[in-house]
Asker: 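Structure below; questions to follow.
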Amino acid sequence: MTAVATRPGRVEVHGVRKSYAGVEVLHGVDLVVEPGTVTVILGPSGSGKSTLLRSINHLEKVDRGFVALDGELVGYRRKGNNLHELKEKELLRQRTRFGFVFQSFNLFPHLTALANVVEAPVSAQGRPRAEVEAEARALLARVGLGGREKAYPRQLSGGQQQRVAIARALAMKPAVLLFDEPTSALDPELVGEVLAVIEKLAEDGTTMIVVTHEIGFARRAADRVVFMDDGRIVESGPPEQVLDDPQHERTKAFLARVL
Ligand code: ADP
Ligand code: MG
């Protein structure tokens, strides 16, 4: 258990509030994600799931509260009693500790699968290309795309593109992977292959926060399910508790709609 306790990837969200144009959409969110665990966030559209995920890696600046990764504030540096916002360069370096997988893949269309995976570690982390390329080939194999290194995104299915995006996120060796509805843009027959890759990562002990409507996935892969509604975490717990014995009316109503 010591090995688990000392691995990186502990995310702490404390009292996070966020407004857009004076309208508060996160009303004080608290969440702790332990290293090596999978947290699935469920909730209706507009409940603040994406905003929370984007706040975790400081793509959104929170108005109140804080986020910490392994005890280090995200987006800020402490100086005495004051907080200073990180400079862009420091922020970008810190952000590489989070891998982010979007609904819409966001691959570079003019780069091959391999080049998409190699790009950031070489250009942002300044790592040697040959070494990164060897790792990238192994990562593509790990997501079931060995042999497709030279394919361009347009030559790949949506499911394959999303698996390249997962390999690309892993190439930065992040402490935590954040997924925002990774299968929502996929044709139904392609959802399974992407979920299977994410489940394999879960078995390997990758720390992940996954926003999804895939209840079956939550049941199989989640250590913890968090249900959000209207900018708040309404309830959270092990999947069998939240999914099979929800305590709140809003959770019950949501599950009745998606199941
Ligand atoms: P979810 O991911 O659960 O669907 P979001 O986090 O995307 O929810 O959105 C939460 C609320 O914040 C919604 O009411 C949405 O309209 C609003 N919102 C999200 N992003 C912005 C933005 N950039 N500007 C203004 N309002 C936003
Ligand atoms: Mg969203």
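Computed from a prediction, not measured in an experiment: that's the story for all the values here.
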Asker: So that I can tick it off, tell me whether Arg17 and Asp63 are bridged by a salt bridge, with the cut-off set at under 4.0 angstrom between side-chain N and carboxylate O.
Answerer: no

Asker: Are Val32 and Val11 close enough that some pair of their side-chain heavy atoms sits under 4.5 Å apart?
Answerer: no

Asker: Hey, are the side chains of Val176 and Val33 touching, using non-hydrogen atoms and a 4.5 Å cut-off?
Answerer: no

Asker: Restricting to non-hydrogen atoms, name the atom on Glu193 and the atom on Leu190 that form the minimum distance, rounded to 0.1 Å.
Answerer: CG-O, 3.2 Å

Asker: Would you indicate whether Lys252, at its atom NZ, is surrounded by more than 12 heavy atoms from other residues, nucleotides or ligands within a distance under 6.0 Å?
Answerer: yes

Asker: Roughly how far apart are Met208 CE and Leu201 CG, rounded to 0.5 Å?
Answerer: 5.0 Å

Asker: Under 4.0 Å between a side-chain nitrogen and a carboxylate oxygen: does that hold for Arg250 and Glu235?
Answerer: no

Asker: Could you tell me how the ring of Phe254 sits relative to the ring of Phe227: parallel (under 30°), tilted (30 to 60°) or perpendicular (over 60°)?
Answerer: tilted

Asker: I'd like to know whether CZ of Arg77 has more than 12 heavy-atom contacts from other residues, nucleotides or ligands below 6.0 angstrom.
Answerer: no

Asker: Using side-chain heavy atoms (C-beta onward) and a distance below 4.5 Å, is Phe98 in contact with Val74?
Answerer: yes

Asker: Could you go through the side-chain hydrogen bond (donor to acceptor under 3.5 Å, both in side chains) check for Gln241 and Gln247 one step at a time?
Answerer: CA-CA 9 Å; Gln241 181 186 314; Gln247 298 302 302; over 6 Å; no

Asker: Is the closest side-chain heavy-atom distance between Val38 and Thr207 below 4.5 Å?
Answerer: no

Asker: Would you check if Pro121 and Met172 make a side-chain contact, meaning some heavy-atom pair closer than 4.5 Å?
Answerer: yes

Asker: Between the side chains of Lys173 and Glu135, is the shortest nitrogen-to-carboxylate-oxygen separation below 4.0 Å, so that they form an ion pair?
Answerer: yes

Asker: List the atom of Gly99, the atom of Pro174, and the distance in Å for their closest heavy-atom pair.
Answerer: N-CB, 3.4 Å

Asker: Before accepting this row, confirm whether a basic side-chain N of the pair Glu60/Lys18 lies closer than 4.0 Å to the acidic partner's carboxylate O.
Answerer: yes

Asker: Would you call Arg142-Asp204 a salt bridge at under 4.0 Å N-O?
Answerer: yes

Asker: Is there side-chain contact between Val16 and Phe66, with heavy atoms separated by less than 4.5 Å?
Answerer: no

Asker: Could you check whether any side-chain heavy atom of Phe217 comes within less than 4.5 Å of a side-chain heavy atom of Val191, counting everything from C-beta outward?
Answerer: no

Asker: Give the minimum heavy-atom separation between Leu26 and Gly48, together with the two atoms involved.
Answerer: CD2-O, 3.6 Å

Asker: Between Glu203 and Lys200, does any side-chain N to carboxylate O distance fall below 4.0 Å?
Answerer: no

Asker: Just by distance, with hydrogens left out, do Ser50 and Asp180 show a side-chain donor and acceptor under 3.5 Å apart?
Answerer: yes

Asker: Is there a path of hydrophobic side-chain contacts, each under 4.5 Å between heavy atoms of I/L/V/M/F/W/Y residues, joining Val164 to Ile198?
Answerer: yes

Asker: Please find out if less than 6.0 Å separates the ring center of Phe102 from that of Phe100.
Answerer: yes

